[in-house]
Amino acid sequence: LLVVILALVLGLTLGQKAPTFKATFIAKCKAFNASMVHEDDCEKLWGVFEQAYVGRDPCEVPMEAYDPLIAAVPFKLECKRMMFWSKSKDVVHEFTKKGDCFLTLENTLLGSVLDGLTWCGKKGSSETFTTSCPGWDDCVNNPVRSFWNRVSAAFADAACGDVSAMLNGSIATPFNPTSVFASIEVKRFKYPRVKSLNVVLVTQANSVTNCTNASLKDLQKELDQGITYNCKEVSEARLEECSSNKTIPCGACW
Ligand code: N1C
């Protein structure tokens, strides 16, 4: 009997049509913060979002196409606790799950709804496609890349005080000029709104990089005059300890 039930459930699950991109967007929007977002707000937001790319050539969507979306969702967050990252997505989100220490873009409505998704439009169509869309590097003005560029710019514009950034110490160039962090976010940090940039360089046993890395010198040169720069090497093991051990207070990990 168990086998039959299992087979039935599995068959049903597999047989189900994948939810449309719109349905995923709305469901993730509603799930984000039920108390903050009204149900019809998510429907409205979808309308503003799809305007950016629907009916357009998927290589001709500039970041400005998302200006109305950004205007519709102002960042109402504590600017002092913002965390940026580059090539360290998994470890940073594992760490911010701990709770109230830091906020990443994925802790905001737009970041959480669109994280992990792919979408594009087509000339002469009013549909949203999720397959055969241009990849990140296939063309500069693709819908996904332009979205992250635009929303990251807005996120960086909202930062204030002491800003943190988790960078990857296991690669030769933790501050890569082509990354969103380097090409968009750092350029938007302005003194005196932003007082300091505190780099957490995540290291592993086989790490190739430390805080003296040449690309981090470039980062310091890029910073608006007046912003204090700090860098600290923190092992991935230590970060994991901090995420799992709730007795380590916020801010005491490094
Ligand atoms: O290019 P990156 O890193 O430097 O971008 C990370 C940087 C962070 O500080 C975020 O604020 O830019 C923001 N950001 C995201 O929050 C984000 N979530 C998911 C940028 N990109 C984001 N993604 C996806 O990760 C996006 O689709 C793109 O492909 C990667 C970029 O990650 P990266 O190169 O490690």
Side-chain angles (χ1 to χ4, degrees), residues 21 24-25 28-29 32 49 52-53 58-59 61 63 65-66 69-70 73 75 77-97 101-120 130-131 133-189 194 196-202 204 209 213 215-216 218-219 222-223 227 231 236 239:
F21 185 85
T24 305
F25 181 102
K28 285 176 91 176
C29 177
F32 176 70
F49 170 73
Y53 62 88
C59 280
V61 178
M63 20 185 314
Y66 292 99
L69 179 69
I70 300 298
V73 196
F75 286 117
L77 37 78
E78 291 139 277
C79 67
K80 289 180 181 165
R81 296 195 289 130
M82 285 164 65
M83 171 68 84
F84 296 83
W85 52 268
S86 194
K87 319 293 173 204
S88 57
K89 192 172 191 235
D90 294 343
V91 54
V92 84
H93 290 132
E94 182 59 41
F95 183 73
T96 53
K97 256 201 289 185
C101 280
F102 296 103
L103 296 167
T104 64
L105 186 46
E106 282 68 35
N107 297 114
T108 71
L109 176 61
L110 289 176
S112 80
V113 168
L114 291 151
D115 190 25
L117 302 183
T118 300
W119 65 92
C120 64
T130 56
T131 53
C133 292
W136 188 266
D137 290 315
D138 289 342
C139 49
V140 176
N141 287 333
N142 71 69
V144 174
R145 183 167 176 164
S146 291
F147 168 77
W148 287 111
N149 283 345
R150 185 62 190 90
V151 74
S152 299
F155 191 60
D157 284 341
C160 75
D162 301 317
V163 168
S164 307
M166 244 181 222
L167 304 182
N168 188 336
S170 301
I171 54 178
T173 313
F175 183 69
N176 190 320
T178 66
S179 66
V180 175
F181 179 65
S183 65
I184 306 270
E185 292 175 330
V186 167
K187 296 182 191 327
R188 302 258 178 166
F189 298 154
V194 171
S196 70
L197 175 68
N198 302 289
V199 169
V200 176
L201 190 65
V202 183
Q204 289 180 325
T209 298
N213 180 271
S215 77
L216 296 177
D218 300 336
L219 168 54
E222 278 272 328
L223 284 182
I227 298 180
C231 178
E236 192 166 348
L239 289 177

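Just follow the structure's listing: the first ligand is 1, and inside any ligand the first atom is 1.
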S.K.: What protein heavy atom is closest to atom 6 (C) of ligand 1, reported as residue, atom name and distance in Å?
M.R.: Trp85 O, 3.0 Å
S.K.: Got a second to check how far Phe21's CZ is from Thr130's OG1, nearest 0.5 Å?
M.R.: 8.0 Å
S.K.: Applying a 4.0 Å heavy-atom criterion (strictly less than), which segment of Glu185 is in contact with ligand 1: side chain, backbone, both, or neither?
M.R.: side chain
S.K.: Is the shortest distance from a Lys or Arg side-chain nitrogen in Lys97 or Glu94 to a carboxylate oxygen in the other one below 4.0 Å?
M.R.: yes
S.K.: Is the contact between Leu105 and ligand 1 made by the side chain, the backbone, both, or neither, using heavy atoms and a 4.0 Å cut-off?
M.R.: side chain
S.K.: Taking the six-membered ring for Trp, are the ring centroids of Phe25 and Trp119 within less than 6.0 Å of each other?
M.R.: no
S.K.: Return the closest protein heavy atom for atom 4 (O) of ligand 1 as residue, atom name and distance.
M.R.: Ser86 OG, 2.7 Å
S.K.: Are any of the N/O atoms in Phe181 less than 3.5 Å from those in ligand 1?
M.R.: yes
S.K.: Indicate whether atom 30 (C) of ligand 1 is within a distance of less than 4.0 angstrom of some protein heavy atom.
M.R.: no
S.K.: Could you tell me whether the side chains of Ser88 and Asn168 share a donor-acceptor contact shorter than 3.5 Å?
M.R.: no
S.K.: Where on Asp115 is there a heavy atom closer than 4.0 Å to ligand 1, on the side chain, on the backbone, on both, or on neither?
M.R.: side chain
S.K.: For residues Leu167 and Leu216, determine if any side-chain heavy atom of one lies less than 4.5 Å from a side-chain heavy atom of the other.
M.R.: yes
S.K.: Starting from atom 17 (C) of ligand 1, find the nearest protein heavy-atom neighbour and note its residue, name and distance.
M.R.: Glu106 OE2, 3.2 Å
S.K.: Between Phe84 and ligand 1, which part of the residue brings a heavy atom under 4.0 Å of the ligand: side chain, backbone, both or neither?
M.R.: both
S.K.: Could you check whether Thr104 and Asn107, counting side-chain N and O atoms only, form a donor-acceptor pair closer than 3.5 Å?
M.R.: yes
S.K.: Give me the residue, atom name and distance of the protein heavy atom closest to atom 34 (O) of ligand 1.
M.R.: Lys87 NZ, 2.5 Å
S.K.: How long is the span from the CZ atom in Phe155 to the CZ atom in Phe84, to the nearest 0.5 Å?
M.R.: 5.0 Å
S.K.: Right, does atom 10 (C) of ligand 1 have protein non-hydrogen atoms nearer than 4.0 Å?
M.R.: yes
S.K.: Hey, what do you get for OG1 (Thr96) to CE (Met166), rounding to the nearest 0.5 Å?
M.R.: 8.0 Å
S.K.: Name the orientation class of the two ring planes belonging to Phe95 and Phe102 (parallel below 30°, tilted from 30 to 60°, perpendicular beyond 60°).
M.R.: tilted
S.K.: Relative to each other, are the rings of His93 and Trp85 parallel, tilted or perpendicular (30° and 60° limits)?
M.R.: perpendicular
S.K.: Return a yes/no value for Trp136: is any of its N or O atoms, backbone included, closer than 3.5 angstrom to an N or O of ligand 1?
M.R.: no
S.K.: What is the closest protein heavy atom to atom 2 (P) of ligand 1, and at what distance does it sit?
M.R.: Val180 N, 3.5 Å
S.K.: Who's closest to atom 14 (N) of ligand 1 heavy-atom-wise, of Ser152, Ala156, Gly111, Gly135?
M.R.: Ser152
S.K.: Would you check the N or O atoms of Val144, main chain and side chain alike, for any that come under 3.5 Å of an N or O of ligand 1?
M.R.: no
